**Q** 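Provided herewith is a single structure, encoded as C-alpha cells, for subsequent inquiry.
Everything numeric here is computed off the predicted structure, so don't read it as measured data.
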Amino acid sequence: MSPRKNRRAVSGPSQKGGGGSWAQETEEGPDGEWIVRTIAGAGSGKAYRCPGCDQEIPPGVGHLVAWRAGEGGDDRRHWHRPCWQARTRRGPRVQRSRNAPRY
C-alpha cells in the first residue's frame, strides 16, 4: 500500500509558539480599569507565574492576561481566572524565595 499523497506538508511557524485565539475586554473594578485578554489553552505555549497564587501556569492551560488600561500593556501579567476574580479579596503576599524563577 502506498502512502496517501493528498495531505499537505506542514510549514510555517510552530503551532506551540503562541499567537492562538483570544478574546479581549475591558473590566472596571475597585482597583481601576483593566484590559483583560482570555487566552485559550491551545494558544498558550509558555509557562507563566500567576501573581495571585504565585503558582506556575503550565503551557497549554487556559488563563488570562491583564494590564491597566492606558498603559500600553508593558506591565501585563498572566493570571489564573479564579485568582483574577479574587484579586480584590486577597491581600498581597509575596512568597517567592530569593532564587525562585520569575516569569
Side-chain angles (χ1 to χ4, degrees):
M1 175 186 269
S2 63
R4 295 179 65 170
K5 302 278 185 182
N6 59 353
R7 293 185 183 168
R8 294 182 182 170
V10 178
S11 63
S14 170
Q15 296 294 323
K16 292 186 176 184
S21 63
W22 46 266
Q24 183 172 312
E25 61 185 22
T26 303
E27 287 187 17
E28 184 74 30
D31 54 348
E33 188 176 25
W34 294 84
I35 297 175
V36 179
R37 182 177 294 175
T38 302
I39 307 293
S44 173
K46 292 173 54 179
Y48 299 98
R49 182 156 307 268
C50 175
C53 64
D54 201 34
Q55 299 294 312
E56 184 176 295
I57 304 171
V61 173
H63 61 279
L64 55 88
V65 181
W67 64 92
R68 291 196 181 271
E71 292 187 3
D74 292 337
D75 195 26
R76 62 181 180 233
R77 295 288 179 257
H78 295 253
W79 295 73
H80 293 113
R81 177 168 294 282
C83 295
W84 172 255
Q85 293 169 341
R87 74 186 185 285
T88 57
R89 295 190 312 256
R90 297 179 183 166
R93 290 182 294 165
V94 178
Q95 298 177 353
R96 292 186 177 128
S97 65
R98 179 174 285 172
N99 295 324
R102 296 175 189 262
Y103 298 99

**Q** Under 3.5 Å, is there a donor-acceptor pair between the side chain of Arg49 and the main chain of Asp54?
**A**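 Yes, Arg49 side chain to Asp54 backbone: donor-acceptor pair under 3.5 Å.
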**Q** Got a salt bridge between Asp31 and Arg87, using NZ or NE/NH1/NH2 to carboxylate O under 4.0 Å?
**A**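 Looking at Asp31 and Arg87, the cut-off is met.
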**Q** Using the rule that two of Ile, Leu, Val, Met, Phe, Trp, Tyr join whenever any of their side-chain heavy atoms come within less than 4.5 Å, decide whether Ile35 and Trp79 are in one cluster.
**A**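 Different hydrophobic clusters.
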**Q** Side-chain contact test, heavy atoms from C-beta onward, threshold under 4.5 Å: evaluate it for Pro59 versus Lys46 and give yes or no.
**A**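 Counting from C-beta outward, Pro59 and Lys46 never come under 4.5 Å.
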**Q** Check each of Val65, Ile39, Val61 against Ser44 using the side chain to side chain contact (heavy atoms under 4.5 Å, CB included) test, and report the only one that passes.
**A**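 With Ser44 as partner, side chain to side chain contact (heavy atoms under 4.5 Å, CB included) holds for just one option, Ile39.
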**Q** Is the closest side-chain heavy-atom distance between His78 and Leu64 below 4.5 Å?
**A**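 Contact flag for His78/Leu64 side chains = no.
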**Q** Nearest 0.5 angstrom please: Glu27 CD to Gln85 CD, how far?
**A**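 Between atom CD of Glu27 and atom CD of Gln85 there are 8.0 Å.
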**Q** May I ask you to establish whether Arg81 and Trp84 are in a cation-pi arrangement, using a distance under 6.0 Å from NZ or CZ to the six-membered ring centre and at most 45° from the ring axis?
**A**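 Judged by the rule (NZ or CZ under 6.0 Å from the ring centre, within 45° of its axis), Arg81 is not positioned above Trp84.
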**Q** Hey, is Arg76 close enough to Asp74 for a salt bridge, meaning N to O under 4.0 Å?
**A**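 Salt bridge flag = no for Asp74 with Arg76.
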**Q** Atom CD1 in Ile57, atom SG in Cys83: separation rounded to 0.5 Å?
**A**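 It is 7.5 Å, given to the nearest 0.5 Å.
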**Q** Atom CH2 of Trp67 and atom CZ of Arg37: how far apart are they, to the nearest 0.5 Å?
**A**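 One finds 4.0 Å between CH2 of Trp67 and CZ of Arg37.
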**Q** Could you tell me which non-hydrogen atom of Gly32 sits nearest to which non-hydrogen atom of Arg68, and how far apart they are?
**A**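 Taking Gly32 first and Arg68 second, the nearest heavy atoms are CA-NH1, 4.2 Å.
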**Q** Please confirm whether His80 and His63 have ring centers closer than 6.0 angstrom.
**A**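 No; His63 has its ring centre 6.0 Å or more from that of His80.
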